[in-house]
Structure formats: C-alpha cells, structure tokens
Amino acid sequence: MYPKIIIEHFMHPKNVGRLENPSNIGTYETLSKAKAVFYFLIEDDIVKDIKYQVAGCPYAIAVGSILSEYAKGKRIFELAKINKKFLEKYFPVDEDKEECINLPLRAFLNGLSKI
Amino acid sequence: MNTIIYLDNASTTPTDKRVIKKMLPFFSENFANPATKWTSSLSKLVDEEVEQARLNIAKLLGADPDEIFFTSGGTESDNTALKGIAFKHHDRGNEIISIPIEHEAVLKSLETLEGFGFKIKFARVDSKGFVDPEEIKRLITKKTILVSIMHANNEIGTIEPIEEIGKICRERDIYFHTDAVQTVGHIPINVKSFNVDLLSLSAHKFYGPKGVGAIYVRKGVKVKPFMDGGGQEKGIRSGTLNTTGIIGLGEAARLASEEMEQTESDVKKMRDLLWDKIQKQIPKVYLNGAEIDSRLSNNLNIIIKGIRNEPLLVALNERGVIAGGGSACAAGSKYPSHVLKSIGVKDNDIFGALRITIGKFNKIEYVDYVVQSLNEIVNSLRDLSPFWEGE
Ligand SMILES: Cc1ncc(COP(=O)(O)O)c(C=O)c1O
C-alpha cells in the first residue's frame with residue numbers, strides 16, 4: 001500500500017482542473033498512455049496560479065497535488081530545480097514507483113521551461 | 001464504514017467456516033500420514049477422509065474417484081496436464097492448440113514446451129472472448145496431440161463451448177484439457193458429457209483453502225509426472241499428501257454440490273443489480289466480454305472511460321471496497337491485460353478496466369454503497385483526467 005501522505009493527497013488532491021488563461025502549459029505522456037498536464041499563470045517570474053490534471057496512478061496524482069501546492073507564489077528559477085530529491089523530503093520514493101513520480105514531475109518542469 | 005466489502009472473488013474466496021471446521025482436527029489430532037494406512041489406525045482414519053474428499057470431487061465432476069489426483073492448486077494441475085501429456089506423448093506429434101486468453105499457468109507452460117520443440121497454435125477468440133470450435137477443427141493436423149481450452153475465463157467470465165470442442169477432439173483421438181479453475185463448484189460440470197481427458201481445479205476459488213487443488217485424468221490417459229519422489233497419487237504427484245488441504249477441498253466440493261444452485265442464483269442477482277445501477281448512474285461505462293447473461297454469473301468486467309484503474313482501486317479500497325482489475329501502473333511498462341488485448345480492447349481502455357467478482361458471502365444490501373462510492377470516485381477521477389472532456 002501507499003505512504004500516508006500519498007493517500008492523503010490522492011484522496012484530496014489540491015488544485016485540480018484547468019486554468020482559463022494559462023501563460024504556460026506543460027504536458028507529459030508515457031508509452032502506457034498515462035498523462036499529466038500542468039497549467040501555469042506566471043507573472044514577473046512568479047507562479048500566480050496553477051492547476052493540473054493527471055490520468056495515472058495514485059502516486060502521480062498525489063505528486064501533482066504536492067507540486068502544485070508548493071509552486072504557488074514561488075519564483076520559477078527555484079521551481080526549475082525541483083527533482084526527485086526534493087520529493088524525497090515528502091515521502092520515501094520507492095524504486096517501483098519512480099516512473100509514476102516522473103510523470104507529473106516532467107509535465108511540471110516542461111511547463112516551466114516554455115517561457 | 002469499517003466492514004470490508006470484498007468483490008474480488010475470482011482472485012480468491014474466503015474459506016468457508018464449515019470447511020475450516022472440517023480441516024482442523026487433521027492438523028494435530030489426526031495428523032498421520034495416510035501412506036501408512038496398512039499399519040497404523042491413525043493413518044487409516046486420515047486415509048478415509050482423503051478418499052472421501054476424492055469421492056466428493058469425483059461426484060462434483062461426474063468422474064470416478066480414481067480419476068482424481070490431488071495437487072497444490074490450479075497452476076500445478078495446468079502444468080501437469082500440459083507438460084505431462086506433451087512429454088509422455090511426443091512420439092505421436094508435437095502440436096498443441098490453445099487460445100490466447102488462457103491463464104498464465106497455461107500460457108507459460110506452453111512457452112516452456114515451445115522451448116522443447118513443441119509447436120503451439122493459438123485459435124483466435126472473438127470480441128467477446130469466444131473461440132469458434134470450427135477454428136479448432138481447422139487447426140488440427142496429424143501432428144496435434146493436445147488441445148487446451150479453459151472452461152471459463154478468469155477476467156471476463158466468458159464460458160467457452162467446451163462440449164463441442166471435446167467432441168471434436170475425442171473423434172480425432174486428441175487429448176483435451178480444460179482449465180476449469182473458475183467454474184468448478186460454481187456451475188455444473190460433467191467430464192463425460194464434456195469429453196475432457198484432463199481438467200484442472202483449485203480449492204481456493206470455491207471457498208476451500210489456498211494451495212490445494214486437483215487434476216482429473218481420464219482412466220487410461222497417461223501423463224508423465226514432473227514431481228519425482230515417493231510415488232503418491234499413483235505416481236502422478238509424489239509428495240506426502242496435504243491432508244488438511246485435501247480434506248478442506250473435499251468439504252468445499254461437498255458444500256458446492258449441495259448449495260451451488262442457490263449460491264449461483266444469489267450471486268447472479270447481486271451482480272445483475274450492481275450492473276443495472278452502475279449503468280443507470282455512471283455515464284460512459286461499457287461491459288468487456290460476453291453479454292451479461294452468457295458469462296459467469298459472478299463476473300462483471302467494465303471499462304470506465306477517461307480514467308485509470310489503479311487510482312480507482314486504491315480509492316475504492318480507502319472506502320472498504322476491494323475489487324480487481326490488475327494494477328496497471330501509471331507510467332511503468334506493466335503489461336496490460338493480455339485477455340482484454342486479445343478481445344480487441346484498446347490500450348487506453350484496458351488501463352481503465354475494472355473487474356468486480358461477486359461471492360456467496362457478499363451481501364446484496366451493500367450494492368447501493370458500492371455504486372455510490374464508485375460513482376463519486378469516478379467523478380473525481382474524471383475531473384482529474386486530461387482525457388475526460390466531460391463527454
Ligand atoms: C483460470 C485460472 N487458472 C489457473 C489459476 C491458478 O490457480 P492457483 O492459484 O490455484 O494456482 C487461476 C487462478 O489464479 C485461474 O483463474
């Protein structure tokens with residue numbers, strides 16, 4: 001079964017959905033048809049608003065929620081540094097689930113790089 | 001809600017308390033090894049119970065007791081049937097016919113046999129999972145020694161036309177094996193009218209204990225044993241008998257003979273109600289496999305558009321509802337169901353497949369709770385899904 005924090009975010013994900021007028025969109029899709037999309041509203045290099053969608057496992061959904069919570073109000077150069085190590089502060093990253101964590105993380109970073 | 005609503009009965013079933021009661025004395029009171037029945041009265045007692053179990057299974061299958069051999073379960077029975085026939089009768093030919101939706105116990109055994117030079121031919125199944133007996137007929141050649149077709153599929157519940165296939169094989173003097181792990185104890189079986197030579201069954205799929213099963217081998221049919229040892233079970237399966245397991249299996253078989261009809265009708269009623277309510281309350285849900293009335297009455301296998309099954313199963317579990325569907329990980333390269341793939345379900349949909357299988361201990365009163373939970377979870381996962389356009 002999953003770590004508690006994963007279940008909490010999975011059962012009550014934050015910032016779910018799309019933004020009306022995003023300045024940036026980041027997507028990532030896997031061979032097995034799992035997909036993540038992040039919508040950013042970035043002004044003056046600061047994330048003013050963020051929403052996301054994921055069709056994937058509970059890890060992918062929870063990580064999307066954790067990332068979106070963290071990103072609000074942060075500067076994009078800080079956010080661009082986020083990696084697996086950062087997420088390990090929240091929960092132990094099981095090797096089996098690395099791909100599931102990569103899915104939202106890649107989508108998130110893809111969105112930030114399109115400026 | 002603290003009750004667990006277990007809706008994954010095709011995976012395994014809870015052991016019936018009456019079965020456990022029957023087994024218990026044979027752990028530490030009547031613990032003897034039935035092999036020494038001629039010299040020990042304790043062994044004789046155990047032997048009698050083991051033979052009663054054999055008789056109960058024989059009755060359930062319309063077989064003779066000396067055609068039943070105990071194994072460690074469905075997997076071993078499948079292995080024994082396929083490898084046992086292939087290695088014993090390779091001088092007659094090297095072709096084996098099967099279907100792509102068999103359980104892994106069959107598919108992997110066939111793969112192994114392929115490595116030994118056997119040629120495996122797969123007959124197609126249609127979009128509902130049915131094999132056409134005519135196609136089996138077409139695939140048969142002079143070199144065919146064995147046909148193995150499952151009685152009912154474990155994922156979609158499709159019941160194959162076993163009697164017709166059996167007839168075709170018998171007329172041509174080709175061995176016929178059926179994996180009946182999903183049907184024994186659930187629907188009537190008669191090895192004689194089915195014309196089968198070998199049949200696999202497993203106790204834990206019909207309220208018996210795990211790790212025990214049996215294989216029916218028709219009188220006169222020779223198989224090469226792959227467990228060498230003390231020669232128990234007439235040499236077909238060496239090893240001290242799993243007496244407690246076997247006695248449990250026998251009791252499960254006896255209960256099934258008596259209660260099957262009622263159980264199946266209750267299970268079907270609950271399955272039908274569940275499907276009815278799901279269809280009425282949740283949009284864009286489709287049935288995988290055969291029509292609801294021509295599949296096992298415990299089985300529901302559905303595609304829920306726009307979502308993946310793993311988060312669905314985890315969220316259901318959080319609400320105390322345990323269902324099946326395989327865990328198709330978000331990004332991992334995990335193989336989607338070979339059964340759904342074979343019947344032509346698209347990859348995207350396979351990842352959203354949910355299998356609900358009802359058992360005799362499920363209560364029909366829980367249907368509303370299950371459907372309501374499913375509905376709420378599906379709604380929130382669809383809100384989350386980039387594939388869902390609010391269709
Ligand atoms: C159709 C089928 N065959 C074989 C098996 C394997 O049986 P067992 O778990 O007893 O080894 C199963 C169950 O997993 C099954 O559903």
Side-chain angles (χ1 to χ4, degrees), chain A residues 1-19 22 25-39 51-65 68 84 93-108 110-111, chain B residues 1 4 8 284 303-338 340-341 345-354 373-374 376-391:
Chain A
M1 283 314 299
Y2 298 86
K4 212 163 167 198
I5 182 173
I6 295 292
I7 289 290
E8 272 164 23
H9 274 274
F10 164 63
M11 292 301 282
H12 308 284
K14 307 281 186 347
N15 307 308
V16 166
R18 300 166 195 234
L19 282 185
I25 297 178
T27 65
Y28 190 72
E29 198 169 339
T30 68
L31 284 177
S32 62
K33 307 279 188 191
K35 186 174 180 178
V37 185
F38 274 87
Y39 305 86
K51 283 200 184 293
Y52 82 104
Q53 292 178 307
V54 170
C57 80
Y59 263 96
I61 292 168
V63 168
S65 172
S68 69
K84 209 179 78 190
V93 175
D94 191 302
E95 221 176 87
D96 268 4
K97 294 291 174 189
E98 233 168 77
E99 284 292 300
C100 316
I101 290 159
N102 262 333
L103 169 69
L105 187 56
R106 293 248 177 110
F108 180 84
N110 282 345
Chain B
M1 182 150 222
I4 284 191
D8 200 13
K284 295 267 176 184
I303 288 170
I304 303 173
K305 284 278 186 190
I307 66 169
R308 314 265 298 186
N309 61 22
E310 189 169 354
L312 178 62
L313 292 171
V314 174
L316 280 171
N317 181 69
E318 286 296 306
R319 291 172 184 237
V321 180
I322 297 177
S327 87
C329 184
S333 54
K334 291 233 178 78
Y335 188 62
S337 157
H338 70 279
L340 297 182
K341 220 173 162 64
V345 179
K346 291 197 198 76
D347 277 359
N348 238 348
D349 289 337
I350 292 177
F351 286 114
L354 178 71
S373 302
L374 189 61
E376 286 169 18
I377 295 165
V378 167
N379 276 333
S380 55
L381 287 175
R382 278 177 173 169
D383 284 344
L384 242 163
S385 170
F387 295 123
W388 183 250
E389 304 289 345
E391 289 152 68

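What you are looking at is a predicted structure, and each value in this text was computed from that prediction instead of being measured.
For Tyr59(A), no part lies near chain B; criterion is any non-hydrogen pair under 4.5 Å. For Leu384(B), the parts lying under 4.5 angstrom from a heavy atom of chain A are both the backbone and the side chain. Using a 4.5 Å cut-off between heavy atoms, Glu98(A) does not touch chain B at all.
Close approach to chain B, defined as a heavy atom under 4.5 Å from one of its heavy atoms, is seen in Ile7(A), Phe10(A), Met11(A) of residues 4-12 of chain A, taken by number.
The heavy-atom pair separating Ala55(A) from Pro386(B) by the smallest distance is N-CD, 3.4 Å. Residues Phe351(B) and Ser32(A) approach most closely at CE1-O, 3.0 Å, considering heavy atoms. Minimum interatomic distance between Trp388(B) and Arg18(A) (heavy atoms only, all atoms of both residues): O-NH2, 4.0 Å.
The line from CG of Leu312(B) to SG of Cys57(A) is 13.5 Å long, rounded to the nearest 0.5 Å. The CG atom of Asn348(B) sits 10.0 Å away from atom NZ of Lys35(A), with the distance rounded to the nearest 0.5 Å.
Ranking Gly17(A), Ala36(A), Pro58(A) against chain B, the residue ahead of the rest is Pro58(A), based on heavy-atom pairs under 4.5 Å.
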